[in-house]
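Accompanying notes for the structure given below.
Numbered from 1 within each chain, the chains take letters A, B, ... in sequence-line order. Because the structure is a prediction, the values reported are computed rather than measured.
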Amino acid sequence: MTSMLTSTSSNSPHAGNAFLSIEQIVKTYSKPNGDRFAVLNGIDMTIGQQEYVSVIGHSGCGKSTLMRIIAGLEKPTSGLVTLEGKVIRKPGAERMMVFQGYALLPWLTVRENIRMAVDEVFKTMSRNDRIAIVNEHIDMVKLVAAADKYPHELSGGMKQRVGLARALATRPKMLLLDEPFGALDALTRPKLQQDVLEIWGQNPQAVMMITHDIDEAIFMSDRVVMMTNGPAATIGQVLDIPLPRPRNRRELSESKDYYDLRNEALDFLERYQ
Amino acid sequence: MVLMSLGSRARAVFVRFLKGLLKPNILLPIAGFTGVIALWWTIALFRHEMMPTPLEALTKNLDVILHPFYRRGIGDLGIGWLLIESLRRVCIGFLLGAMVAIPVGIWIGLSHNAWLALNPIIQVFKPVSPLVWLPIALAIFNSAEPSAIFVIFITSLWPTIINTAEGVNNVPKDYLEVAQILEMPRWKQLLKVVLPASLPYIFTGLRISMGIAWLVIVAVEMLTGGVGIGFFVWDEWNRLNVSSVFLAVFVIGLTGLILDYALAQLQSLVTHRSTRS
């Protein structure tokens, strides 16, 4: 039942020195009639300390469930996730999440939303230091002009910048991005992708990003993990993206390597149509 | 020359004023009120023994309208004093009700067991006219004043409890997950996420409660007597002074409108979001 599908990556989940390690994760739900219903059926993967990994798959393949297990918001039925060797059992600020729907508190301004996270995570820090962190991250995501606005006064792209700033401001060990660009329009998306890459490039850290956009996954990631269709999804194939950084969308669009990778991913996803 | 230009400017201002009146959002409400008064006038003309015409009602009430705060001996108070007395009862009962209803609403919104236990009670008591509580209150307190407040208190409970519970239930899951990821303790999640997120619902409940409380106080005061706008209505009717009852209709209506508007303003102040009142 747990036969592992071939993976092009040679990373063994039991290498021991992985930063984040996901081992044999199975997640089942019980249906109202008592039957068990498997969403994830034996997921093994690792993420390095400075690695940007995307997980891609069709809707309903359980990729969001996988991320929620890593975030600690859901418990796996069996298997375990470890971060720096410590087993993840509950949510924690070391694994900050960026939500597809932004999840900004509408009664707080941009500044207050970020401030709330910083206050909660750095309780022992002095007030001035906390304010400095908030300001630094408002600047980082280019929201200085909108810092005292409420979320409903912002565009989708700006809201997600706040979500990102809130996540980064708590200085997490790893970032979980749950379809962070999914709700954005086609003109806003590339700009924010570029900005996220630039921020990450200045301070690379472990990132796991859920997406269903092949171009986005290849453009941003070091590795793309492609999942088979649910129910009982597993990892179908892992694609290494050896494209040099910093990446430029226009240069990539002229590169043959990029198209080879893109075709490989497309072939995989079409097989599981 | 100067006079002429003054005259033309005055005329320009007057014309602008008239044009302002012609805007549909001003013109139509005026037309609506005019229609009601016209209807009243027509009925009063044909059945004059039944009610006074609007003009008669106005002239008879002119003294009361112009001197709302007179004191002419014991029990002979201006309508402003009566209004204040009624408002005081409503506010005390309403505030006590809110102090109980909001925590209970939060509790049953959070705990499914509490909801299972309390929801049937609420569903049974909610359709009971608050006036039914008046005899019970009189039996308990043996006095009109606390009984009136108690009835308002009961009235204010149900809509606020139900709406608060609804609001707590509808707090977006994302907000709570953010709080969990930040490792907020449970009490802090309640205070910093659940409560502010349900405030719009809580205010909806408070506004419904306030509306019903204002309806009920008039009836309670009619029954219990004492100083208040409800007793004023009953007293004037007993003196066959229907003109004053018509005055009371407008006073009660306008006060209710102002109360709701005040709560709506408080809501947009507290939630930082504009509300349509």
Is any side-chain heavy atom of B:M184 closer than 4.5 Å to a side-chain heavy atom of A:P91?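 Sidechains of A:P91 and B:M184: no contact.
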
Can you find a pair of side-chain heavy atoms, one from B:D174 and one from A:F99, that are under 4.5 Å apart?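 Counting from C-beta outward, B:D174 and A:F99 do come under 4.5 Å.
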
Can you list the steps and then say if B:E177 with A:R68 is a salt bridge (Lys or Arg N to Asp or Glu O under 4.0 Å)? CA-CA 10 Å; B:E177 288 178 350; A:R68 292 173 58 80; 2.7 Å; yes

Salt-bridged, B:K188 to A:E120, with N to O below 4.0 Å?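 A salt bridge is present here (some side-chain N lies under 4.0 Å from a carboxylate O).
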
Give a yes or no on whether [X] atom [atom1] has more than 12 heavy-atom contacts from other residues, nucleotides or ligands under 6.0 Å away.
X: A:K123; atom1: NZ; answer: yes
X: B:R186; atom1: CZ; answer: no
X: A:W200; atom1: CH2; answer: yes
X: A:R127; atom1: CZ; answer: no

Is it true that a side-chain atom of B:E183 and a backbone atom of A:A93 form a donor plus acceptor pair closer than 3.5 Å?
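Side chain of B:E183 to backbone of A:A93: a pair is present.
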
Which atoms of A:R95 are under 4.5 Å from chain B, going by heavy atoms: the side chain, the backbone, both sets, or neither?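 Contact with chain B is through the backbone of A:R95 alone.
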
Given heavy-atom pairs under 4.5 angstrom as the criterion, report whether the side chain, backbone, both or neither of A:L108 touches chain B.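 Looking at A:L108, nothing touches chain B.
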
- Task: Give the member of B:L199, B:V193, B:V178, B:I181 that has the highest number of heavy-atom pairs under 4.5 Å with chain A.
- Result: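 Among B:L199, B:V193, B:V178, B:I181, the one with the most close pairs to chain A is B:I181.
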
Practice item. Please step through side chain to side chain contact (heavy atoms under 4.5 Å, CB included) for the pair A:L105 and B:Y175, ending with a clear verdict. Key: CA-CA 7 Å; A:L105 304 181; B:Y175 298 179; 3.6 Å; yes

- Message: Working to the nearest 0.5 angstrom, can you tell me the gap between A:M96 CE and B:L182 CG?
- Response: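 Rounded to the nearest 0.5 Å, the CE-CG separation comes to 5.0 Å.
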
